[in-house]
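Heads up, the thing below is written out as structure tokens.
Please read all numbers here as calculations on a predicted model, not as lab measurements.
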Amino acid sequence: MAAPAASATGGERLTLGISGMTCANCSASVEKALRSVDGVQTATVNLALERANVVVAVPGPTIDRLREAVEDAGYGITLTHEEEQVAQERTRARMHVELAVGLGLTLPVVLLATAPQLLGLAPDDSRVGLLELVLTTPVQFGVGWRFYRGTLGALRNRMANMDVLIALGTTTAYLFSVLLLLQVGGLQGSLAFDVAALLVTFVVLGKVLEARAKGHTSDALRQLLALQPAVATRQGPDGTLVQVPIDQVSVGELLVVRPGEQVPVDGRVVGGSASVDQSMVTGEPLPVTLQPPDEAIGGTVVRSGSFDLRVERVGRDTLLSQIVAMVEDAQAGKAPIQGYADKVSASFVPTIIGIALVTTLFWITIGATLWPPPPGIGTVAFALSAGTAVVVIACPCALGLATPTAIMVGTGRSAEYGVLFKDGSALEAASGIDTVVFDKTGTLTTGSATVGDVLVLEGVNGDAVIALAAAVERRSEHPLGVAIVEEAEDRGVVLQEVTDFLSHSGRGVEGTVGGRTVLVGNHPWLLERQISGFEGAATPGSIEERAQSARSEGHTVVYVAADGALVGAIGVGDDLRESSLWAVERLQQLGMEVEMLTGDQRTTAEAVARRLGIDRVHAQVLPGDKAAVVAALQREGAIVAMVGDGINDAPALAQADVGIALGGGTDIAKTTGSVVLVNDDPRSVVSAVRLSRRTMGKIRQNLVWALLFNVAGIPLAAGALYPSTGVLLPPQFAGMAMALSSVLVVTNSLLLRHA
């Protein structure tokens, strides 16, 4: 987990497990401790995930120095998934023991305080108080030692966290009871040992419930990790099949994948065929049939059939490993909205302590005169009870969990749909977009172009035009060029070698074929090059008239010239993806403005747009100018998502508020977009928008609940209802309410699993 990876700032990024955190101020303490280490460039701590992302200079601080800083702040550090798992299991086991001890000792304390006769003692028996002291002390300083340890670490780091509040509240109740029992200072009132014991036990119970709920927030990530096979099947020299550990598989070797098995690594099918379930990796619900030379994705499951697999990527290079890494990064980072919660939490604890002190002093002085405590309860006891309740109920745990738990569930759920958010900022930004701009070729269309019409001058052979164009396009990787080369192969045309090859981005290509200078490109470029016989006018029977007809049907037309004269044109069709129309319609129903951006001819682009119901088209835009179009939309006030292939559209993806890259392919880590759609399906754009909106909705609900809980709870705990109703919230119930508020926040986030 701590293995270094390159960061955008030029340093190395480390992922560290952090143990012992209980609230948002704990994560802030760890961040402060890590940032204080020389050589640390940035440090971000995720409370829900219990991890820190640290970027260090090269050369930078050692792991031991980082560990020392974290431990000095009062927390633990783990460096591997195995260490992290062991630490979490130990923590859970310790909490369950603490809870069992707490419940076992607290129950008799409560009975002694409320109904001692059930234990065979009279209410006025002097032994009742002593028994309460004996039973409460191990709860206070044994089960509750976690709060003292956390308090010492927080104070050493000059910060206050939940542990400070709990330790302060329970110690106050405990010491008051001890002084009362010893009859020091003439104190009056009932013992509050039950308050201290219940408070400690209830908080531990809340932490157990919270940990259990938090465990479910990373279910999706665990399911992805479970997809990584442990073994692969290799055919031995004698033809027998042998299973080998996955870490012994290397690139280039041949594996066998049988029915019911997981594809062990990424590779290419070289023999056989099979029906493969790719749903957990790509989000595609239906099995796909793989046969030579299709690519197979590691972690997917063979439902029927079998095939031979030539290994192409192993370890961290596999698509599944990259997906897992991206989901982990997204979950470990912070969304901008979390900054609000962090700012509130930073000053929250000192403010609450101040309110608690004011509450206590008020009820000792003015409050006790105007509204005397109930009979049998001393003024000091009553005031301390109110102050303690304020301290306990106002813990910022729920506030600290509001954002990271929702992001963990939301990003995990989106990965199941084949949607990968690179960080929390992308998730938040996607929820606010109002304009979606699609690239055409390879995005709304399949990108698998085919040649339709070959338009030639009278007396010119079509095969000859294809031969010239394909010879030059063979050096190009553009989908239109690939289609022309494939057409030449289908026709059995022999291609000559090309020399002096040049590619003009967004215009065309040129080269020398058989001593002739050949140009293959679009309409504006040939006009610019002043090609003979090409005036661009659609005269009756001319190539341009026939080209316009092809464009009106959605075909892209490329022109072919040799030695400065036009010899023909080729119409290339690129079929719409079956899901494009559905995606456009759903985005429009969500209130989005959907636009298309392409370098294609306007007639062709508008023909495609009409079929999809897109009204606004930006056509004949060079790749380098696409970012300017996006910037112009942003100046108009639009919040823009650009959807493209992640390579040719890189500047536009980077310019957009949210860059959505279709099919980051097998190397999604290098894709420019802040959102990657693994499955090349435009419908996933709808999923990205819908899931981001629902996730941000849950975050806002969580934050509102956490803040309203404190706004309403603090006055209630301080005794606001006592003058009119005679009701004062007991500190132990305040502790339970605080713990349950965190559980409620986590549970609300878990509802995203059904989004």
Side-chain angles (χ1 to χ4, degrees), residues 1-8 10-15 53 80-82 220-234 243-257 261-270 276-284 288 290 292-302 307-332 411 415-416 418-423 477 645-647 650 661-680:
M1 182 165 55
S7 79
E12 286 184 344
R13 188 187 65 192
L14 303 174
T15 301
N53 275 351
T80 66
H81 284 294
E82 291 74 18
L221 182 57
R222 279 195 293 270
Q223 289 172 358
L224 284 172
L225 289 169
L227 289 177
Q228 297 178 318
V231 296
T233 303
R234 179 189 293 159
Q243 288 196 327
V244 296
I246 199 70
D247 56 8
Q248 293 183 15
V249 175
S250 57
V251 173
E253 70 174 294
L254 191 65
L255 303 177
V256 178
V257 188
E261 293 183 343
Q262 289 177 292
V263 179
V265 292
D266 292 356
R268 194 168 298 277
V269 178
V270 294
V276 180
D277 181 358
Q278 299 181 336
S279 58
M280 274 303 295
V281 177
T282 67
E284 173 58 50
V288 298
L290 298 184
D294 294 335
E295 290 188 356
I297 302 172
T300 55
V301 180
V302 177
F307 57 83
D308 297 330
L309 180 75
R310 181 71 66 188
V311 178
E312 293 187 344
R313 286 169 296 277
V314 297
R316 294 183 180 181
D317 294 330
T318 64
L319 178 59
L320 179 58
S321 294
Q322 292 182 55
I323 290 174
V324 169
M326 189 173 289
V327 172
E328 286 182 327
D329 287 347
Q331 292 183 344
T411 52
E416 295 176 15
V419 178
L420 304 177
F421 292 94
K422 287 193 172 179
D423 50 40
E477 295 181 354
D645 63 14
I647 301 173
L662 261 75
T666 54
D667 199 359
I668 58 177
K670 294 182 180 178
T671 304
T672 306
S674 53
V675 181
V676 177
L677 309 183
V678 178
N679 54 16
D680 278 349

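- Partners of Pro293 according to the side chain to side chain contact (heavy atoms under 4.5 Å, CB included) rule, which considers only residues two or more places apart in sequence or in another chain, are Arg268.
- Checked by atom type and distance alone, the side chain of Glu312 never pairs as donor or acceptor with a backbone atom of Gly252 at under 3.5 Å.
- With sequence neighbours excluded, the residues satisfying side chain to side chain donor-acceptor pair (under 3.5 Å) with Arg234 are Glu253.
- When all heavy atoms are compared, the tightest approach of Val269 to Ala296 is CG2-CB, 4.4 Å.
- Scored by the side chain to side chain contact (heavy atoms under 4.5 Å, CB included) test, Asp308 finds Leu254, Val256, Val270 as partners (sequence neighbours excluded).
- Asp266 and Thr318 make their closest contact through OD2-CA, 3.3 Å (heavy atoms, listed as atom of the first residue, atom of the second, distance).
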Checklist entry - Under the side-chain contact (heavy atoms from CB on, under 4.5 Å) criterion, do Phe307 and Val276 qualify, and how do the steps go? => result CA-CA 11 Å; Phe307 57 83; Val276 180; 4.1 Å; yes

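- Residues Pro264 and Leu255 share a closest heavy-atom pair of CG-CD1, 3.6 Å.
- In this structure, Ser674 OG and Lys422 NZ are separated by 7.5 Å, a value rounded to the nearest 0.5 Å.
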Item to check | Pair Ile246-Val265, side-chain contact (heavy atoms from CB on, under 4.5 Å): steps then yes or no | outcome: CA-CA 8 Å; Ile246 199 70; Val265 292; 3.8 Å; yes

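- Between Ile297 and Thr300, the shortest heavy-atom contact is O-OG1, 2.6 Å.
- Applying the side chain to side chain contact (heavy atoms under 4.5 Å, CB included) test to Gln243 and every residue at least two apart in sequence or in another chain returns Val231, Thr233, Arg258, Glu261.
- To the nearest 0.5 angstrom, Leu319 atom CG is 9.5 Å from Gln278 atom CD.
- The OG1 atom of Thr411 sits 10.5 Å away from the CG atom of Asp423 when rounded to the nearest 0.5 Å.
- In this structure Gln262 satisfies the side chain to side chain contact (heavy atoms under 4.5 Å, CB included) test together with Leu227, Pro229, Val301, sequence neighbours excluded.
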